[in-house]
Amino acid sequence: MASLPRDDNRIAAQLMPASAAIAVTVDATISASTEITLNTATTLIRIYALDKDIYMKWGTADVTASNWDHIIPANQICDFFVPRVTTTGVLYTAVNFIERAATAGLFLSEF
């Protein structure tokens with residue numbers, strides 16, 4: 001049997017957050033690079049891409065079709081631990097999203 005994924009502190013991560021969301025963002029038409037500032041207590045984000053793929057980039061730099069960290073597939077939910085900035089060791093404080101095609105929707109929950 002495979003073991004659970006682990007966070008930066010080597011603590012096993014369950015597959016569903018055990019608490020209510022700290023913050024929620026909904027953007028029905030994410031047509032331009034949209035920056036979301038994360039709550040300071042956020043350590044995990046859950047993203048749902050409605051109808052179309054969404055590009056995602058950690059940090060404050062704009063995301064583009066040629067400069068991204070992850071693609072969230074259409075009609076899928078993806079969970080991500082908020083990574084640490086390598087130069088400071090502090091968790092990222094923002095994340096950027098943009099649609100891969102027109103009419104993509106974004107639902108983001110912070111835990």
Side-chain angles (χ1 to χ4, degrees):
M1 181 163 74
S3 62
L4 289 173
R6 298 193 175 271
D7 66 14
D8 287 349
N9 296 316
R10 306 291 305 144
I11 296 171
Q14 60 189 38
L15 301 178
M16 297 291 292
S19 63
I22 296 171
V24 176
T25 301
V26 176
D27 191 331
T29 55
I30 189 162
S31 58
S33 185
T34 300
E35 183 174 310
I36 297 171
T37 300
L38 300 173
N39 183 292
T40 56
T42 298
T43 58
L44 179 121
I45 60 173
R46 169 165 286 175
I47 303 157
Y48 173 60
L50 177 63
D51 293 334
K52 302 286 187 331
D53 299 347
I54 295 174
Y55 294 112
M56 172 182 152
K57 183 169 182 62
W58 292 106
T60 56
D62 285 347
V63 60
T64 67
S66 59
N67 185 8
W68 45 269
D69 294 322
H70 302 283
I71 294 178
I72 313 306
N75 301 311
Q76 298 294 312
I77 295 172
C78 294
D79 293 334
F80 296 92
F81 283 111
V82 178
R84 296 186 182 281
V85 179
T86 36
T87 55
T88 64
V90 176
L91 293 178
Y92 275 95
T93 59
V95 63
N96 278 269
F97 298 93
I98 194 170
E99 65 187 9
R100 186 165 176 230
T103 73
L106 166 73
F107 294 81
L108 174 112
S109 298
E110 300 177 43
F111 299 94

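Throughout, numbering of the chain's residues begins at 1 and tracks the sequence. Heavy atoms only: backbone and side chains are in, while hydrogens, waters and symmetry mates are out.
Using a 4.5 Å heavy-atom threshold, the side chains of Phe111 and Ser109 count as touching. No side-chain heavy atom of Leu44 sits less than 4.5 Å from a side-chain heavy atom of Thr42.
By the side chain to side chain contact (heavy atoms under 4.5 Å, CB included) test, Asn75 is found to be paired with Tyr48, Leu50, Asp51, residues two or more places apart in sequence or in another chain being considered. Applying the side chain to side chain contact (heavy atoms under 4.5 Å, CB included) rule to Ala74 yields the partners Asp53; only residues at least two apart in sequence or on another chain are considered. With sequence neighbours left out, Asp62 forms a salt bridge (Lys or Arg N to Asp or Glu O under 4.0 Å) with no residue at all. Applying the side-chain hydrogen bond (donor to acceptor under 3.5 Å, both in side chains) criterion to Thr103, with sequence neighbours excluded, gives Lys52. Contacts of Thr64 classified as side chain to side chain contact (heavy atoms under 4.5 Å, CB included), with partners at least two apart in sequence or in another chain: Ser66, Asn67. Residues satisfying the side chain to side chain contact (heavy atoms under 4.5 Å, CB included) criterion with Ala23, sequence neighbours excluded, are Glu110.
Within the structure, salt bridge (charged side-chain N to carboxylate O under 4.0 Å, His left out) pairs that include any residue of residues 66-76 do not occur (at least two apart or interchain). Under the salt bridge (charged side-chain N to carboxylate O under 4.0 Å, His left out) criterion, no residue pair touches residues 21-35, with sequence neighbours excluded.
Cluster partners of Ile22: none. The rule joins Ile, Leu, Val, Met, Phe, Trp and Tyr whenever side-chain heavy atoms lie under 4.5 Å apart, and it links nothing here. Taking Ile, Leu, Val, Met, Phe, Trp and Tyr as members and joining any whose side-chain heavy atoms lie under 4.5 Å apart, directly or through other members, the hydrophobic cluster of Ile30 also contains Ile36, Leu38, Ile45, Ile47, Ile54, Met56, Trp58, Ile72, Phe80, Val82, Val85, Leu91, Tyr92, Val95, Phe97, Leu106, Leu108. When hydrophobic residues (I, L, V, M, F, W, Y) are linked wherever their side-chain heavy atoms come within less than 4.5 Å, Ile11 remains an isolated member.
For Ser33 (side chain) and Val63 (main-chain N/O), a donor-acceptor pair under 3.5 Å exists by modelled atom type. Without hydrogens or angle criteria, Thr29 side chain to Ser31 main chain gives no donor-acceptor distance under 3.5 Å.
Across all their heavy atoms, Ala49 and Pro73 have their closest contact at CB-O, 3.5 Å.
Tyr55 OH to Ile71 CD1: the interatomic distance, rounded to the nearest 0.5 Å, is 5.0 Å.
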